[in-house]
Amino acid sequence: MRYANIKKEKTNGVVYTPTVMADYLSLEMIRYKPCNSNSTGVIRVLDPAVGKGELLISFLKAIKKICTVKIEVVGYETDMAICKETRETLSNLFPDVELSIRNEDFLKAVEEQTTGLYDYVIANPPYVRTQIIGSEKAQKMSSKLKLSGRIDIYYAFIICTKSVLKDDGIAGYITSNKFLTIKSGAAVRNYIIDNYKIHRIIDFGDTKLFSASVLPCIMVFSKGKTTQRKEVLFTSVYQASKNQTDGNITNIFDAIHKSGCYKTPDDKRFMYQQGVIQSVDKDCLWNIQSNESPKWLSVVESNTWQRFFDIGKIRVGIKTTADNVFIGNDWNGDKANIELLRPLITHRNAGQFLPNNTDLWKVLYTHTSVNGKKVAYDIEDYPYAKRYLSEHFEQLSSRKYVIQAKRNWYEIWVPQNPESWKKRKIAFRDISEQPQFWLDTSGAIVNGDCYWIEIYDHVIEDVIYLALAIANSRFIEKYYDVKFNTKLYSGKRRYMSQYVEQFPIPLYTTELAQEAISLVKKIIAEKKQSLIPSYKDKLNDIVDEIFT
């Protein structure tokens, strides 16, 4: 296991490294810090989360082919049984290497300054999120590392590497790719920029290199500071749905330095992009700027009038933290008289331009507005709702964070602003392969598996319809991939606020824009999902022509 003697893989964050990935990372590290037969002295190698030793096995095989000097290896592992097993495996494979596989916590060792310094640090640290670590432990860790927001344990490993890496050393990390593009990863991204020189990032996206549901990336870095984005090489590999291929490969790493679509023996296709990091500015997301993308984005930019953040505030839906109590589609029988039930938009209703024909679920919505201020209803005034919620008192009252926030035990945790629901809004699904943005004027509440744009009062209808044309277009899929270049499993995109707010809107008064607006108006007026495909091809062509 990897951390804190926790026994379950999901809790523990255990993700053992595929050999082909370990081999590649080892060669990349050696490429940036060569070791030849003329090297003198001792080479020191560290794996701070050694597990079963996959990374060290690959690294030692690679470096021993080109270097004959003495090698010292240190690994940290918190599980005693695995520590012993790994020690025996490495000793048998590399009897001439000086080994020290320590049954210790690496982060604690760094704190106690007992680790030493190393030429090479190679790691696949555990991926354990804040809610699994525990809020109190996470807060202590954040304070020590001077981080803010939600953290994963691998953030701590990356930061602590500075304490164990020699000034001329090189580090290679395999981690989840989440920190590259989520807002809560800004603190660790900023730290890396200020304290390390990043040489290479490879985002493996939804390639399923691990058996666990982890979207991995590789980062190779040394001590220093990252100031020039063009010096940070960036490769992106994601599953592709295209039928055409540029060649066949035996594994994902065969085309790792190429561009194009390549097919593996199991008939999976992967799209490779080569480029550099888009920005190394503070708080910026880390996306690829492919070698082909700047010119295309420049043309789009020249045809952009506004962005989605200009037409409304983008918000995520409500979070009840007890969906089984508050949300459902069966409010019949004894539940039929429960007060405070409101229509609820969920991912089940998602569609392009219009919601699909699925009936809305309902939510027992616990909040209202009084003098413009959000307040919880007094359930003493709603006897049926009170009786129903009281039946779930044990579950609801056990939400300690609600009580600690001095809220009522029966409240929805994140209700958003009750006044917002009555306004015009564009709802959209959080995760989907194709964009699904639709107009809602029903006053329904939006669930946390969707986002919505709370449209500003001054925005005219033509601009709203034009935004719908853009958001549901073939163009916006390419724009998303080129500008943000981040996908989840099976080619799905995540339409988070930080991406959607940057979607471009052209000037609405042009002839082409008016043609797109007219088509969207027809779709909305006819209210028939079955007719939308007859308009989509034309809309796609218009939007493409507007921007490119």
Side-chain angles (χ1 to χ4, degrees), residues 17 20-36 39 43-48 55-56 58-59 62-63 66-67 117-125 154-155 157-181 185 188-205 209 216-237 252-253 255-259 272-282 284-291 293 485-486:
T17 312
V20 66
M21 193 177 214
D23 290 346
Y24 174 76
L25 176 58
S26 299
L27 292 174
E28 278 295 286
M29 291 173 63
I30 294 169
R31 185 162 76 90
Y32 285 103
K33 182 177 170 59
C35 172
N36 54 55
S39 298
I43 294 173
R44 304 198 75 219
V45 184
L46 169 69
D47 186 337
L55 286 173
L56 287 180
S58 290
F59 185 83
I63 203 162
I66 57 173
C67 193
L117 295 174
Y118 299 87
D119 300 282
Y120 298 92
V121 178
I122 188 167
N124 176 12
Y154 69 86
Y155 293 6
F157 278 76
I158 291 172
I159 289 171
C160 288
T161 297
K162 185 178 181 183
S163 301
V164 298
L165 190 64
K166 289 183 178 180
D167 288 343
D168 62 346
I170 197 81
Y173 264 72
I174 300 170
T175 71
S176 162
N177 70 357
K178 282 180 61 179
F179 86 96
L180 300 176
T181 55
V188 73
R189 291 195 300 271
N190 292 341
Y191 182 91
I192 293 169
I193 292 293
D194 288 338
N195 293 275
Y196 299 124
K197 179 176 176 58
I198 310 169
H199 301 287
R200 185 157 181 72
I201 295 173
I202 304 172
D203 178 7
F204 291 98
L209 282 168
C217 75
I218 278 177
M219 181 171 62
V220 179
F221 58 95
S222 55
K223 278 187 175 180
K225 192 177 178 71
T226 303
T227 57
Q228 301 297 319
R229 68 174 188 84
K230 291 184 178 180
E231 293 179 0
V232 182
L233 300 181
F234 204 128
T235 300
S236 168
V237 190
I252 282 181
F253 292 90
I256 201 68
H257 297 294
K258 299 178 180 179
S259 295
Y272 292 77
Q273 288 189 75
Q274 306 296 337
V276 295
I277 196 169
Q278 200 169 70
S279 175
V280 293
D281 293 338
K282 186 176 181 181
C284 278
L285 308 181
W286 287 1
N287 297 302
I288 188 173
Q289 179 175 295
S290 71
N291 297 332
S293 62
N485 199 69
T486 176

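Being a predicted model, the structure only gives us computed values, none of them experimental. Below, each value reflects all heavy atoms present in this structure, side chains not excepted, and no hydrogens, waters or symmetry copies.
Summarising the geometry of Asp203 relative to Gly205, their closest heavy-atom pair is OD1-N, 2.9 Å, with the distance given to 0.1 Å. Here the closest non-hydrogen pair linking Pro125 and Phe157 is CB-CG, 3.6 Å. Taking every heavy atom of both residues into account, Ser222 and Gly169 meet most closely at CB-O, 3.3 Å. Scanning both residues, Phe59 and Ile30, for their nearest heavy atoms gives CE1-CG1, 3.9 Å. Considering all non-hydrogen atoms of both residues, Val121 and Met29 come closest at O-CE, 3.4 Å. Ile198 and Thr226 get closest at one heavy-atom pair: N-OG1, 3.0 Å.
For the pair Ile193 and Trp286, the minimum side-chain heavy-atom distance is below 4.5 Å. Taking the side chain as every heavy atom from C-beta outward, Met219 and Thr175 never approach each other to under 4.5 Å. Looking at heavy atoms from C-beta onward, Ile256 lies in side-chain contact with Phe204 at the 4.5 angstrom threshold. No side-chain heavy atom of Tyr24 sits less than 4.5 Å from a side-chain heavy atom of Ile252. Side chains of Leu55 and Ile174 form a contact here, defined as non-hydrogen atoms less than 4.5 Å apart. Leu285 is not listed as a side-chain neighbour of Gln278, based on a closest heavy-atom distance of 4.5 Å or more. Looking at Phe234 and Asn287, their side chains never come closer than 4.5 Å, going by heavy atoms from C-beta outward. Considering only heavy atoms from C-beta on, Leu233 stays 4.5 Å or farther from Ile202 through its side chain.
Test His257, Gln273, Arg200 against Thr235 for side-chain hydrogen bond (donor to acceptor under 3.5 Å, both in side chains) and you get one pass: Arg200.
Under the side-chain contact (heavy atoms from CB on, under 4.5 Å) criterion, Lys33 pairs with Asp119, Tyr120, Asp168, Ile170, sequence neighbours left out.
You'll find the ring centres of Tyr173 and Phe221 inside the 6.0 Å limit.
Note that OG1 of Thr161 is 9.5 Å distant from CD1 of Ile192, once rounded to the nearest 0.5 Å. Atom NZ in Lys166 sits 9.0 Å away from atom CD1 in Ile43 (nearest 0.5 Å). Considering CD1 of Ile201 and SG of Cys217, their distance stands at 7.0 Å, rounded to 0.5 Å. Asn190 CG to Lys282 NZ: the interatomic distance, rounded to the nearest 0.5 Å, is 6.0 Å. Atom OH of Tyr32 and atom CG of Leu27 lie 12.5 Å apart (nearest 0.5 Å). Distance check: Glu231 CD to Lys197 NZ gives 4.0 Å after rounding to the nearest 0.5 Å.
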Side chain to side chain contact (heavy atoms under 4.5 Å, CB included) assessment of His199 paired with Arg31: CA-CA 11 Å; His199 301 287; Arg31 185 162 76 90; over 6 Å; no
Determine, stepwise, if the pair Asp47 / Asn124 fulfils side chain to side chain contact (heavy atoms under 4.5 Å, CB included). CA-CA 8 Å; Asp47 186 337; Asn124 176 12; over 6 Å; no
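A distance-only check finds no donor-acceptor pair linking the side chain of Lys258 to the backbone of Tyr272 [under 3.5 Å]. Checked by atom type and distance alone, the side chain of Tyr196 pairs as donor or acceptor with a backbone atom of Ile159 at under 3.5 Å. Looking only at distances, a side-chain donor or acceptor of Arg44 sits under 3.5 Å from a matching main-chain atom of Leu117. A donor-acceptor contact shorter than 3.5 Å is absent between the side chain of Tyr118 and the backbone of Ala171.
Side-chain contact annotation: Asp23 with Ser58, donor-acceptor N/O pair under 3.5 Å present.
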